[in-house]
Structures are given as C-alpha cells and as structure tokens.
Amino acid sequence: MLGDWSVLVPFSLDEEIRLPVGSAYTDETVIVGAPQVLALAERLAAALELPAEIPEVTENLALTFWFLEGEAEELATVRPGPWAEDLDRAFYVALYLRAAQHALRRGCPSPSAEPERSLTLS
C-alpha cells in the first residue's frame with residue numbers, strides 16, 4: 001500500500017479504490033486514504049530512525065534535492081543509523097511520509113509521489 005497508489009485522499013478508506021482510468025505510471029488509477037499511508041510510513045520512519053533534519057514542509061522537489069545534492073550523504077556521515085544504510089530506501093519512506101502529511105494538512109488529494117525516474121544515490 002505504501003507505494004501502490006495514484007491518488008492519496010485526506011480521509012480514511014476501508015480499502016483502496018481501483019478505477020479503470022490510466023494514470024501517469026499505470027493503466028488504472030488507485031486511490032488510498034492518507035491516514036493509512038501515514039500510519040505505515042510513520043512506522044517505517046521510526047524503524048529507520050529517520051532524522052529530524054529531513055525537510056518537512058518544503059517547496060517543490062526540495063526533499064528530492066536534499067537527497068540528491070549531498071545533504072543526506074553529509075548527514076549520514078555524522079548521524080549514522082538504519083536510515084543511512086540505504087539512502088534510496090530512506091528517500092522513499094520520507095517521500096511517502098511527507099505526501100501523507102501534506103494531504104492531511106492541506107485537506108486535499110495528492111497525486112502519486114512516485115518520481116518519474118528511479119533515485120540512485122550510489
């Protein structure tokens with residue numbers, strides 16, 4: 001459920017809704033509730049011990065740039081931990097966490113947070 005959605009709505013859904021309408025990445029649109037995504041992302045963030053320095057409310061692509069432009073790598077050298085062992089994994093957990101928080105904070109649907117291309121930091 002964490003990454004298998006096209007639209008994130010700011011309310012709970014008992015189950016995902018699949019529509020036979022193409023989205024940017026698939027042949028169907030999958031709608032899920034932000035509270036469910038947030039709960040899962042928060043558990044993963046806690047397990048990875050994501051640092052507080054990861055950008056929260058930011059402008060477009062700020063989170064992506066924080067990981068791609070070296071700030072994450074710099075922080076990983078001084079604050080190692082489970083999050084720093086795989087920065088790609090940390091990026092996606094942070095991305096979905098922030099997307100769910102955004103949908104709930106703004107009370108609006110969010111399109112898929114899936115970037116157009118894979119993030120590779122190595």
Test log, rule side chain to side chain contact (heavy atoms under 4.5 Å, CB included), inputs F11 and L13: CA-CA 7 Å; F11 48 83; L13 293 174; 3.6 Å; yes
Verdict with supporting geometry, F67 and I54, side chain to side chain contact (heavy atoms under 4.5 Å, CB included): CA-CA 9 Å; F67 275 91; I54 291 178; 4.1 Å; yes
Derivation and outcome, side chain to side chain contact (heavy atoms under 4.5 Å, CB included), residues R89 and L44: CA-CA 10 Å; R89 178 181 58 196; L44 290 170; over 6 Å; no
Worked verdict on L95 versus Y92 for side chain to side chain contact (heavy atoms under 4.5 Å, CB included): CA-CA 5 Å; L95 182 69; Y92 282 104; 4.2 Å; yes
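Between E73 atom CD and W66 atom CH2 the span is 10.5 Å, to the nearest 0.5 Å. Atom CD1 of I17 sits about 12.5 Å away from atom CD of E28, to the nearest 0.5 Å. Remark: L68 CG to F91 CZ distance equals 7.0 Å, nearest 0.5 Å.
A84 approaches A76 most closely through the heavy-atom pair CB-CB, 3.5 Å. The nearest pair of heavy atoms linking A90 to L50 is CB-CD2, 3.9 Å. Here the shortest heavy-atom pairing between A34 and L104 reads CB-CG, 3.8 Å. Annotation for Q36 and S12: closest pair NE2-CB, 3.4 Å, computed over non-hydrogen atoms. Between P10 and A103, the closest heavy-atom pair is CB-O, 3.2 Å.
Under the 4.5 Å side-chain criterion, counting only non-hydrogen atoms from C-beta, L97 is in contact with L38.
Between R79 and the choices E74, E71, E53, the salt bridge (Lys or Arg N to Asp or Glu O under 4.0 Å) rule is met once, by E53.
Without hydrogens or angle criteria, T29 side chain to L19 main chain gives no donor-acceptor distance under 3.5 Å.
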